[in-house]
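Right, one structure below, let's go through it.
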Amino acid sequence: MIRLRSFAPRMALAVAVVVLVACFLGAGWGWLRAQEALRRQLDLVLAAEAEGLLRDYETYGLRGLSEAAEVYTRRRGPLLVLLQGPDGRLISGALPGAPQALRGFATLRPPGGAPLRALGAVLPGGVNLLVATDLSSVDRAALALAWTPPVAGGLAALVALGLGFLLANRLERRLAAMNGAARAVMAGDLARRLPESSAGDEFDRLAETINEMLARIEALVAEVRQVTDDVAHDLRSPLSHLRQRLEAALARARDPAADEAVLESSVAELDGILATFAALLRIARAEAGTGREGFTRLDLSALVAGVAEAYAPVAEEAGRSLDTVLAPGIAATGSAPLLRQALANLLDNALAHGAGTIHVALRPGPEIEVSDEGPGIPAEEREMAVRRFYRLDRSRTTPGTGLGLSLIAAVVRLHGGALILRDARQGPMPGLSATLTLPPLPDA
């Protein structure tokens, strides 16, 4: 049902009113202009007739002029001619209410009759010549011309109203479908999307944008639910162990050495839990786009070289070696602390789960690659490996929270890049190649 409070009917009604008002104003102006133009033409006709009568007077005298006036009177045509003597005595013709000694043009309004347009001239000897015609035809023609815009405007207003209501009906249907979908989303159906037609118009583009937003919201809500489940699952065990350890310490007799050991292990357990929450907070901040305002142009070659130099003694301590191949002069736009943290996480993963030499490469693009010679990650698990708390079966016995790759992926997405995981080489120990691709500088 179309309501007048809807946008399209109100706009159609407003347009119709404006069109009608404009047409009536135009009609008034047109009537005045048409009347003025027609009267000028009528004055030219009167002037031509009067000139012809004056020539008759010059040729045939007053008698010939009087006979010509009688001819006009007998014809009963639109043109009236009157001859009056100097004393106002009627010589020839008929023109009721005519003034004496009229010079030039004038509009006469005889009692009980239609208005007349008259042209007067005083001949030698004081004879008054008047030539006049009825003005009603001029008024009728001007009125007919003046009514043309309102009639056309009325038809245009009707067409505008009809088109407006048709448009309103279509808009009402499309907006009702969008409104229903939006209410379904509000009610919790996050998989619902706004309907799109094949027209490709503004409504379809708006629906496409909103659907992309809804898809992103659905993904974020799913991630939040997954994180909640993962946090509840992964932190339940350490918190339960911590509670049991403390309860056991409270239940037994006081032993300073044993109590100190319990407190130290409990503090270590709490440090791990706090580290997990800190990592989750960093991931959430990166995925929310927090920190983008601190992006600056930075020397990526110097940044990667600095992190690699810091980790070289750590690798040596672990009986491993660190090999670097860094292209000089590579620049990027981003957050230096976040990129250092992401690269450090990659090196930590390579030290904890890889084997052999750790290779760090920086190439134009820019691309940062960290690879090792360990068992790597199976291709079917690489997509899952960047999820929070996901850990490979062989990694469950090693320290860690399963948040390292998640944080790296979030940081790279914040910078507009991507994290690519693949085998480093062929063979029984394929190793893992983790590549961070970053967008090039705008002027690169």
Side-chain angles (χ1 to χ4, degrees), residues 272 275-276 279 282-283 299-330 332 334 336 338-413 415 417-438:
T276 298
R282 287 195 295 270
I283 293 172
D299 186 345
L300 204 57
S301 298
L303 185 147
V304 176
V307 176
E309 184 179 353
Y311 269 82
V314 179
E316 188 176 346
E317 245 180 66
R320 311 270 295 279
S321 61
L322 190 73
D323 176 58
T324 58
V325 179
L326 308 180
I330 303 297
L338 289 177
L339 290 175
R340 284 195 193 96
Q341 185 175 26
L343 182 55
N345 279 11
L346 283 179
L347 292 170
D348 284 335
N349 280 349
L351 286 169
H353 308 294
T357 302
I358 300 173
H359 303 274
V360 179
L362 174 63
R363 296 183 290 270
E367 292 182 353
I368 305 171
E369 181 183 12
V370 176
S371 60
D372 60 61
E373 301 169 0
I377 299 177
E380 63 274 11
E381 293 192 66
R382 287 170 191 162
E383 184 177 349
M384 301 290 292
V386 296
R387 287 182 50 182
R388 298 178 182 90
F389 298 110
Y390 185 83
R391 304 191 72 189
L392 300 177
D393 290 337
R394 64 172 179 271
S395 302
R396 296 189 180 276
T397 57
T398 60
T401 60
L403 295 172
L405 288 178
S406 298
L407 177 59
I408 297 166
V411 168
V412 177
R413 281 198 299 271
H415 285 76
L419 170 63
I420 302 172
L421 302 178
R422 57 177 177 264
D423 292 338
R425 61 189 55 78
Q426 299 294 327
M429 295 289 282
L432 177 66
S433 168
T435 303
L436 308 182
T437 63
L438 299 174

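If you're wondering where the values come from, they're calculated on a predicted model, not measured in any experiment. Throughout, numbering of the chain's residues begins at 1 and tracks the sequence.
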Practice prompt. Taking the side chain as every heavy atom from C-beta outward, state whether Asp372 and His353 have any pair of such atoms under 4.5 Å apart.
Written response: no
Worksheet item: Taking C-beta and beyond as the side chain, do Leu300 and Leu438 meet within less than 4.5 Å on heavy atoms?
Response: yes
Item to complete: Grab the two heavy atoms, one from Leu322 and one from Ala308, that are nearest each other, plus how far apart they are.
Response: CD2-O, 3.1 Å
Response to the item:
In terms of heavy-atom contacts, Ala350 and Arg320 come closest through O-NH2, 3.1 Å
Just distance, no hydrogens or angles: give the donor-acceptor pairs under 3.5 Å from side chains in residues 356-367, sequence neighbours left out.
residue, atom, partner, partner atom, Å
Thr357, OG1, Ser321, OG, 3.0
His359, ND1, Asp323, OD2, 3.4
Arg363, NH1, Glu369, OE1, 2.8
Arg363, NH2, Glu367, OE1, 3.3
Arg363, NH2, Glu369, OE1, 3.0

Discussion item. Contact between His415 and Leu338 at the side-chain level, heavy atoms closer than 4.5 Å - yes or no?
Written reply: yes
Discussion item. Quick test of your reading: applying side chain to side chain donor-acceptor pair (under 3.5 Å), list the pairs with at least one residue in residues 299-317, sequence neighbours left out, ordered by first then second residue.
Written reply: Tyr311-Asp348
Worksheet item: Is there a side-chain contact (heavy atoms from CB on, under 4.5 Å) between Leu339 and Val307 once you walk through the steps?
Response: CA-CA 10 Å; Leu339 290 175; Val307 176; over 6 Å; no
Response to the item:
In short, Leu421 meets Ala434 closest at the heavy-atom pair CD2-CB, 3.7 Å
Discussion item. Nearest 0.5 angstrom please: Leu436 CG to Leu419 CG, how far?
Written reply: 6.0 Å
Worksheet entry | Minimal non-hydrogen separation, Ala315 against Leu351, with atom names | CA-CD2, 3.8 Å
